[in-house]
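Keep in mind the model is a prediction, meaning the values are calculated, not measured.
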Amino acid sequence: MHVSLDSALGRQRRLNSVGESVLQIAPNAAAAYSLRSLTGADPKVVRVRRDTGGGAGDNDEQDFTASGISSGALVDFVGSGNDGFVETWYDQSGNSKDATQTTASLQPKIVNAGSLLTDGIDFDQTSQAGLITGSFSLTQAFTTFSVSHTDDASDTQGVWATATDATATLNSASFFRNDDGFAVNAGTTLTTAGTIDYVADRTYLQTNVVNGGSSSIFVDGATGKTGNAGSTNPSGVLIIGYFKSGGYFNLDGGIKELIIYDSDQTSNLAALGTNIAAANGVTLS
């Protein structure tokens, strides 16, 4: 049975104001990452290292705001034919949960051969090649939104996690997963007119809601599976791009946005989902 996000919320859709940003719709995020502005201002969003192959400016680093990316300043800095890698993805929530990777060989890519990658910050399944924050924890009531693009549909892949829990993953067998000391797998129950297949070369908006004893998964606006939420609070550090659970599971693809609330945002799901989907080219089911 297809259940839309509107139906799940009793069709209590809140309409966005013109120009309203994510953090204006629902302030007080625990952490918020994107290559666009989530604040309505022009925040610093990434620190990028350029690889010129040993030429002038090799391994130079520079910070860029959202407008610096959209204006082409980032691509100009990296230079024609060169690659650019993300050293820091800045947290726009105001909580200073910046996600970093100081080891150059493990940094995800944002510019390839002089062109900005259109699918977000690209992770290539290199072991531990994630962006990592300092101390980070969530309670048993939290809501997350992630926009990721899959390059490979054959493996379990971590979109984000904490040190203690594989919190949001993609998997060719268990499909979209929310794991908070337990597992809720959307599997083939996640349907629209048919099944939303987990396939390569597709961008997904995955929404995870945990509140006390329950958990729900939405993908592209369609509700997946609900289940008991267990008792483990995600904690330690926030890891973007991989998780470790009996081995490393690394994302093979791009991440465009990750927004985390340490609260139940059910009342804002429709408004936030509409905003995030529209900004990232995702069609809601």
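- Evaluated for a side chain to side chain contact (heavy atoms under 4.5 Å, CB included) with F123, the options V159, I240, V86 yield exactly one hit, I240.
- Under the 3.5 Å distance criterion, the side-chain polar atoms of E61 are left unmatched by any main-chain donor or acceptor of R49.
- L238 has its side chain within reach of W160: a pair of non-hydrogen atoms, C-beta onward, lies under 4.5 Å apart.
- V48 and Y90 are assigned to two separate hydrophobic clusters, defined by single-linkage of ILVMFWY side chains at heavy-atom distances under 4.5 Å.
- With contacts defined as side-chain heavy-atom distances shorter than 4.5 Å, the pair L272/I25 qualifies.
- The CZ atom of R47 lies 7.0 Å from the OG1 atom of T88; values are rounded to the nearest 0.5 Å.
- In this structure, L35 is a member of the same hydrophobic cluster as V75, with clusters built from ILVMFWY side-chain heavy atoms closer than 4.5 Å.
- The shortest side-chain heavy-atom distance between D264 and V209 falls under the 4.5 Å cut-off.
- Atoms CG and CZ, from N280 and R36 in turn, are 6.0 Å apart once rounded to the nearest 0.5 Å.
- D63 is not listed as a side-chain neighbour of V46, based on a closest heavy-atom distance of 4.5 Å or more.
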For this session: Please test F136 against K97 for side-chain contact (heavy atoms from CB on, under 4.5 Å), starting from the C-alpha separation and ending with a verdict.
Result: CA-CA 8 Å; F136 187 87; K97 299 300 183 182; 4.2 Å; yes
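- Side-chain N or O atoms of S70 include one that pairs as donor or acceptor with a backbone N or O of S67 at under 3.5 Å.
- Judged by distance alone, the side chains of D42 and T65 do bring a donor and an acceptor atom under 3.5 Å apart.
- Of all heavy-atom pairs spanning Q92 and L38, the tightest one is OE1-N, 2.7 Å.
- Side-chain atoms of D83 come within 3.5 Å of backbone atoms of A113 as a donor-acceptor pair (strictly under, hydrogens ignored).
- Here the closest non-hydrogen pair linking D262 and A30 is N-CB, 4.0 Å.
- The CG atom of L131 lies 11.0 Å from the CD1 atom of I239; values are rounded to the nearest 0.5 Å.
- For the pair P43 and S37, the tightest heavy-atom approach, listed with the atom from each and the gap, is CD-OG, 3.5 Å.
- Cation-pi geometry between R50 and F85 is not met at under 6.0 angstrom from the ring centre and within 45 degrees of the axis.
- R202 and D119 are not joined by a salt bridge, as no carboxylate oxygen comes within less than 4.0 angstrom of a charged side-chain nitrogen.
- D220 places a side-chain N or O within donor-acceptor distance of the main-chain N or O of L205, the cut-off being under 3.5 Å.
- Distance check, rounded to the nearest 0.5 Å: OG of S148 to NZ of K256 gives 10.5 Å.
- Counting heavy atoms from C-beta on, the side chains of F142 and N211 never come closer than 4.5 Å.
- Using modelled atom types, one finds no donor on one side chain facing an acceptor on the other under 3.5 Å when comparing N82 with T52.
- Of the possible donor and acceptor atoms, one in the side chain of Q101 sits under 3.5 Å from a partner among the backbone N and O of G130.
- Contact check for N208 versus T143: no side-chain heavy atoms found under the 4.5 Å cut-off.
- Y33 and W89 have tilted rings, their planes meeting at an angle from 30° to 60° on a 0 to 90° scale.
- E257 and S34 share a side-chain donor-acceptor pair at under 3.5 Å.
- Between V237 and S135, the shortest heavy-atom contact is CG1-N, 4.4 Å.
- Between Y261 and N28 the shortest heavy-atom distance is CD2-O, 3.9 Å.
- Salt-bridge check for K109 with D122: failed, with every basic side-chain N at 4.0 Å or more from each acidic carboxylate O.
- For the residue pair Q265 and S263, a side-chain donor N or O sits within less than 3.5 Å of a side-chain acceptor on the partner.
- Side-chain atoms of I132 and T100, non-hydrogen and from C-beta on, never get closer than 4.5 Å to each other.
- In terms of heavy-atom proximity, V22 sits nearest to N275 at CG2-OD1, 3.3 Å.
- Judged purely by atom type and a 3.5 angstrom limit, T103 has no side-chain atom pairing as donor or acceptor with the backbone of S105.
- Inter-residue side-chain proximity for D60 and F77 is flagged as met; some heavy-atom pair is nearer than 4.5 Å.
- Note: the hydrophobic cluster containing L74 does not contain L117 (ILVMFWY, side chain heavy atoms under 4.5 Å, direct or indirect links).
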Problem set entry | Full working for side-chain contact (heavy atoms from CB on, under 4.5 Å) between E87 and Q107 | CA-CA 6 Å; E87 191 269 345; Q107 291 169 351; 3.6 Å; yes
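- With hydrophobic clusters built from ILVMFWY side chains whose heavy atoms lie under 4.5 angstrom apart, L284 shares a cluster with I259.
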